[in-house]
Amino acid sequence: MANLPFSEVYIKKTSKLKDFDIPSYQTDEAAGVDLSASIENSIKIHPWEREIIPCGISIAIPRGLEAQIRPRSGLAFKNGITILNTPGTIDSDYRGEIKVVLINLSNTSFAINPGDRIAQMIFANTIHVEFEEVDDLE
């Protein structure tokens, strides 16, 4: 990637699907990577229902970074499918499988199929702060 900051993130594929690829940047300037549904059969999400969709990977994020899970704009605009807790945060000490809580905000059912791109993952810097209690704020 041309002249962009770089951090190494270890990734473990947990998906049992054949031909399941780990996330990758689609272009040199892409802010995030797409996460795919690691499911063996289609899952239908009915209007106003939510489902937890496994993404087939676990990651080890370096301290000082977080991963943010965000909706894919095409799914949201075309089908009313979005992420319930957006942006979702994956802390640097989490090692479990990444899963996405999708909700259907449309009036029609929508099927998530194996391998569908369902969300994007973006990495961001984090800092810890020290709180100091005061009587008044400027």
Side-chain angles (χ1 to χ4, degrees):
M1 301 207 346
N3 301 325
L4 294 176
F6 175 80
S7 286
E8 192 170 75
V9 173
Y10 296 112
I11 188 167
K12 177 182 176 185
K13 190 187 304 189
T14 59
S15 179
K16 303 291 188 241
L17 297 179
K18 268 187 171 180
D19 304 326
F20 187 86
D21 294 324
I22 62 171
S24 63
Y25 291 94
Q26 299 300 305
T27 68
D28 284 344
E29 299 295 322
V33 297
D34 288 333
L35 295 176
S36 299
S38 177
I39 53 177
E40 293 185 18
N41 300 302
S42 296
I43 295 175
K44 191 171 278 195
I45 306 175
H46 300 287
W48 297 100
E49 287 187 352
R50 58 193 178 274
E51 291 287 341
I52 296 176
I53 309 295
C55 294
I57 59 166
S58 297
I59 57 177
I61 304 169
R63 186 175 184 163
L65 290 179
E66 67 160 333
Q68 295 179 2
I69 308 302
R70 300 179 182 180
R72 294 193 68 237
S73 57
L75 275 180
F77 179 72
K78 295 174 188 171
N79 306 107
I81 303 298
T82 191
I83 297 174
L84 193 58
N85 61 323
T86 189
T89 294
I90 300 173
D91 295 311
S92 63
D93 59 353
Y94 178 72
R95 296 294 183 268
E97 181 177 11
I98 294 173
K99 298 178 181 179
V100 176
V101 181
L102 294 180
I103 187 167
N104 183 349
L105 300 178
S106 77
N107 294 322
T108 58
S109 296
F110 184 81
I112 302 294
N113 299 304
D116 280 356
R117 295 179 299 156
I118 58 168
Q120 30 182 347
M121 180 168 58
I122 295 174
F123 293 90
N125 291 316
T126 61
I127 62 168
H128 277 195
V129 299
E130 196 170 294
F131 291 100
E132 181 178 341
E133 188 173 355
V134 296
D135 292 329
D136 293 308
L137 299 175
E138 293 180 15

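In this structure, CG in D93 is found 5.5 Å from CG in D91, a value given to the nearest 0.5 Å. One finds the CD1 atom of I118 at 7.5 Å from the CD1 atom of I83 (value rounded to the nearest 0.5 Å). Here CG of L84 is found 5.0 Å from CD1 of I103. Values are rounded to the nearest 0.5 Å. Here I22 contributes atom CD1 and S36 contributes atom OG; the two are 11.5 Å apart, rounded to the nearest 0.5 Å. The CG atom of N79 sits 7.5 Å away from atom OG1 of T108, with the distance rounded to the nearest 0.5 Å. For the atom pair CD (E49) and CG (N104), the distance works out to 8.5 Å, reported to the nearest 0.5 Å.
T86 contributes no side-chain N or O that, together with a main-chain N or O of R70, makes up a donor-acceptor pair within less than 3.5 Å. A donor-acceptor contact shorter than 3.5 Å is absent between the side chain of Q120 and the backbone of R72.
Contacts of E51 classified as side-chain contact (heavy atoms from CB on, under 4.5 Å), with partners at least two apart in sequence or in another chain: I43, I45, I53. Every residue meeting the side-chain contact (heavy atoms from CB on, under 4.5 Å) condition with L17, not counting sequence neighbours, appears here in chain and number order: S15, F20, S38, E40, P114.
Linking Ile, Leu, Val, Met, Phe, Trp and Tyr residues whenever their side-chain heavy atoms come within less than 4.5 Å leaves I122 and I90 in two separate clusters. Linking ILVMFWY residues whenever their side-chain heavy atoms come closer than 4.5 Å, directly or via other members, places W48 and V101 in the same cluster. A continuous path of hydrophobic side-chain contacts links L35 to Y94 [ILVMFWY only; heavy atoms under 4.5 Å]. Linking Ile, Leu, Val, Met, Phe, Trp and Tyr residues whenever their side-chain heavy atoms come within less than 4.5 Å leaves L75 and L105 in two separate clusters. Hydrophobic clustering, with ILVMFWY side chains joined whenever heavy atoms are under 4.5 angstrom apart, groups V100 together with I11.
Proximity of N41 to I39: side-chain heavy atoms (C-beta onward) are nowhere separated by under 4.5 Å. Contact check for S24 versus Q26: side-chain heavy atoms found under the 4.5 Å cut-off. Contact check for M121 versus V33: side-chain heavy atoms found under the 4.5 Å cut-off. Taking 4.5 Å as the limit, some side-chain heavy atom of V9 sits within range of a side-chain heavy atom of P62.
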Worksheet entry | Worked verdict on L65 versus T126 for side chain to side chain contact (heavy atoms under 4.5 Å, CB included) | CA-CA 5 Å; L65 290 179; T126 61; 5.8 Å; no
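In terms of heavy atoms, N113 sits closest to D116 at N-OD2, 2.8 Å. Here the closest non-hydrogen pair linking A67 and F123 is CB-CE2, 3.8 Å.
The neighbour count for R95 CZ, taken as heavy atoms of other residues, nucleotides or ligands under 6.0 Å away, is above 12.
Side-chain atoms of E66 and T89 include a donor-acceptor pair closer than 3.5 Å.
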